[in-house]
Amino acid sequence: MTTSLPLKIYDSAKREKVAFAPLDPKHVKMYVCGPTVYARVHIGNARPNVVFDVLYRLFRSAYPKVTYVRNITDVDDKIIKRAEEENLDIEALTQETTKFFQEDMNALGVLEPTLEPRATAHIGDMIALIQILIDKGHAYVAENHVLFDVTSQDDYGTFSGRSLEEMQAGARVEVAAYKKNPLDFILWKPAKPGEPAWESPWGKGRPGWHIECSAMAHKHLGERFDLHGGGRDLLFPHHENEVAQSTCAHGKGTFANHWMHCGMITVSGTKMSKSLGNITPMDVLFEQAHPEVIRMAILMTHYRRPLDWSDETLHQSKAALDRFYGVLKAADLSPERAVETSVPVQVQEALCDDLNTPLAISVLFDIAKQFFGAEDTKTQASLAQQLLAGAGTLGLLQHSYQDWYQTATSADAAKVSAEEIEAQLKAREKARADRDFAQADKIRDELEAMGVLLEDSAEGTTWRWKH
């Protein structure tokens with residue numbers, strides 16, 4: 001898609017919808033907080049990645065160059081804790097978990113970012129940034145820790161809309177005697193025996209979480225860049241602290257020009273939490289549903305709204321995709337046979353209005369409805385191409401309709417394999433050739449009981465999963 005339509009976004013720092021204005025119209029720069037690689041990611045982690053993937057696709061269609069940085073946090077308390085609990089090598093744990101994350105995002109159709117920096121490769125950049133903060137009076141050393149002094153910033157809390165009193169009452173902060181203020185947060189901490197550690201002017205230790213993103217964003221995008229994104233759960237304290245560190249180090253007006261945050265996820269109306277046991281990792285979700293069904297389910301709710309995850313959510317998403325792939329099947333169209341087609345302007349308008357993906361999807365439904373109501377093949381062919389082009393802006397309909405209908409979930413595969421289905425089809429063809437229609441019907445019924453639907457046509461018999 002190439003669009004010159006004005007893009008509006010809800011800037012969560014300004015708390016209003018604004019026109020997106022890149023600092024350099026020829027080069028858009030954005031940063032999105034990536035995973036802390038201690039465990040498989042879940043749907044709560046996946047949502048921001050899918051949402052900002054759509055934004056990345058939109059930027060790439062509108063601007064000559066886009067640099068998208070999504071970091072990997074590979075040194076953190078959670079990583080150390082899991083490695084200790086399960087007697088794992090920390091580096092092996094982070095490498096394996098990073099690989100899983102990348103595979104899961106690839107399955108969801110998330111494009112690779114321009115850069116994917118790892119925190120451990122930027123320790124020097126973090127030390128340099130911390131030293132600037134100390135030199136400018138915004139950080140102090142206490143008992144081998146370096147802490148950011150929140151009272152040194154006259155507007156700390158403004159970004160997230162909180163007062164110091166509110167933050168102190170509601171924040172889960174470490175209470176320590178060496179802090180000047182309970183909200184002062186760690187920039188550098190001394191390492192305990194056996195923990196990852198690096199030399200620094202303040203002793204051997206490791207960085208705090210917040211300084212990592214500030215340093216990596218500065219390293220790869222400069223003092224000012226266009227947009228920073230993440231989940232709403234990061235608004236405070238992580239993003240508040242990123243803003244504090246970065247603007248105190250480099251001056252007011254630096255760091256991100258715009259901010260976007262995704263809404264939270266509930267599971268069947270209940271808050272998602274480890275204590276409730278309702279956090280499902282992506283590899284388990286992939287056993288329940290095709291990755292594109294999960295992507296569609298994420299995009300059917302506007303990114304700023306809460307998303308309730310349930311079996312019904314997946315069912316609606318699957319039905320929508322079946323409808324769209326049904327168009328491609330009727331038109332015998334696959335992604336590799338797509339022609340250069342303009343993205344429907346209504347899809348462009350929806351996405352340029354604060355990434356209104358539900359509205360864009362409703363436009364795709366209208367196109368599918370027109371397709372099945374059209375009476376001539378030329379009109380249908382044009383509509384199918386429009387559907388494919390419009391869906392492509394959302395990272396949808398990326399498979400052939402044959403693959404879509406014949407891709408099994410693990411639950412399907414446990415019932416019957418593709419090879420067994422093909423063998424049954426041959427047995428049914430023979431029964432029909434022998435005019436043993438009772439046996440042919442029996443085979444059809446047995447396959448349908450296992451979730452396989454047969455479709456007879458003049459060209460022969462095809463099959464698909466009915467999930």
Side-chain angles (χ1 to χ4, degrees), residues 13 31 33 36 71 73 75-81 119-193 195-219 222-224 228 234-256:
Y31 185 97
C33 290
T36 299
N71 74 292
T73 296
V75 54
D76 183 82
D77 291 344
K78 293 177 181 178
I79 295 171
I80 294 170
K81 182 180 179 182
T120 53
H122 294 75
I123 301 297
D125 301 303
M126 297 169 201
I127 291 173
L129 182 55
I130 293 170
Q131 189 62 59
I132 292 173
L133 291 169
I134 293 174
D135 293 343
K136 290 190 173 184
H138 293 292
Y140 59 94
V141 182
E143 297 185 20
N144 297 321
H145 293 75
V146 183
L147 298 108
F148 183 87
D149 182 357
V150 297
T151 62
S152 73
Q153 186 191 25
D154 56 11
D155 59 352
Y156 183 77
T158 302
F159 175 79
S160 58
R162 292 168 167 84
S163 67
L164 286 176
E165 292 75 17
E166 288 173 328
M167 289 185 286
Q168 189 164 329
R172 297 176 181 176
V173 294
E174 179 186 354
V175 178
Y178 52 76
K179 287 186 176 184
K180 294 181 180 179
N181 184 298
L183 286 175
D184 292 349
F185 56 90
I186 290 175
L187 302 174
W188 189 265
K189 64 173 69 176
K192 298 175 183 176
E195 291 183 349
W198 292 263
E199 295 291 348
S200 82
W202 319 288
K204 203 166 185 179
R206 56 190 172 88
W209 174 33
H210 311 302
I211 198 69
E212 296 179 3
C213 284
S214 286
M216 286 184 280
H218 178 259
K219 172 73 173 180
E223 290 185 4
R224 290 188 71 199
H228 195 314
L234 298 180
L235 189 65
F236 180 84
H238 186 51
H239 289 164
E240 180 78 58
N241 292 347
E242 279 191 71
V243 171
Q245 297 162 161
S246 299
T247 57
C248 284
H250 302 121
K252 287 192 175 183
T254 57
F255 207 48

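Any value given below was found using the heavy atoms of this structure, including those in side chains, with hydrogens, waters and symmetry copies removed.
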Please report the C-alpha distance between Gln245 and Leu187 in whole Å, then the side-chain angles of each, then the deciding distance to 0.1 Å, and finally whether the side-chain contact (heavy atoms from CB on, under 4.5 Å) criterion is met.
CA-CA 9 Å; Gln245 297 162 161; Leu187 302 174; 3.4 Å; yes

Tell me, do [X] and [Y] make a side-chain contact under 4.5 Å, heavy atoms counted?
X: Tyr156; Y: Asn241; answer: yes
X: His239; Y: Cys33; answer: yes
X: Tyr31; Y: Met216; answer: yes
X: Phe185; Y: Pro237; answer: no

Report the distance from atom [atom1] of [X] to atom [atom2] of [Y], rounding to the nearest 0.5 Å.
X: Ser160; Y: Phe236; atom1: OG; atom2: CZ; answer: 5.5 Å
X: Asn144; Y: Lys189; atom1: CG; atom2: NZ; answer: 13.5 Å
X: Cys213; Y: Asn71; atom1: SG; atom2: CG; answer: 4.0 Å
X: Ile132; Y: Cys248; atom1: CD1; atom2: SG; answer: 12.0 Å
X: Asp76; Y: Thr36; atom1: CG; atom2: OG1; answer: 5.0 Å
X: His122; Y: Ser214; atom1: NE2; atom2: OG; answer: 13.0 Å

With sequence neighbours excluded, tell me which residues meet ring-ring contact (aromatic ring centres under 6.0 Å, His included) with His238.
Trp209, His210

Taken in chain and number order and not counting sequence neighbours, the residues that satisfy ring-ring contact (aromatic ring centres under 6.0 Å, His included) with His218 are His250

Set of residues satisfying salt bridge (Lys or Arg N to Asp or Glu O under 4.0 Å) with respect to Asp155, sequence neighbours excluded:
none

The test is side-chain contact (heavy atoms from CB on, under 4.5 Å); show your working for Val75 and Trp198 and say whether it passes.
CA-CA 11 Å; Val75 54; Trp198 292 263; 4.0 Å; yes

Would you name the heavy atoms of [X] and [Y] that are closest together and state the gap between them?
X: Lys252; Y: Asp154; answer: NZ-OD1, 3.5 Å
X: Phe159; Y: Ala13; answer: CE1-CB, 3.6 Å
X: Asp149; Y: Asp184; answer: CA-OD1, 3.6 Å
X: Glu212; Y: Thr73; answer: OE1-CG2, 3.2 Å
X: Gln153; Y: Ala244; answer: OE1-CB, 3.2 Å
X: Val150; Y: Leu183; answer: CG1-O, 3.6 Å

Show, in sequence, the C-alpha distance, side-chain angles and deciding distance for Ile127 and Trp202, and conclude whether the side-chain contact (heavy atoms from CB on, under 4.5 Å) test is met.
CA-CA 10 Å; Ile127 291 173; Trp202 319 288; 3.8 Å; yes

Applying side chain to side chain contact (heavy atoms under 4.5 Å, CB included) to Ala142 and not counting sequence neighbours gives Tyr140, Leu147, Tyr178

According to salt bridge (charged side-chain N to carboxylate O under 4.0 Å, His left out), does anything in residues 119-139 pair up with another residue at least two apart or in another chain? List the pairs.
none

So the salt bridge (charged side-chain N to carboxylate O under 4.0 Å, His left out) pairs with at least one residue in residues 202-211 (sequence neighbours excluded) are Asp77-Arg206, Glu195-Arg206

Please test Thr254 against Arg224 for side-chain contact (heavy atoms from CB on, under 4.5 Å), starting from the C-alpha separation and ending with a verdict.
CA-CA 5 Å; Thr254 57; Arg224 290 188 71 199; 4.2 Å; yes

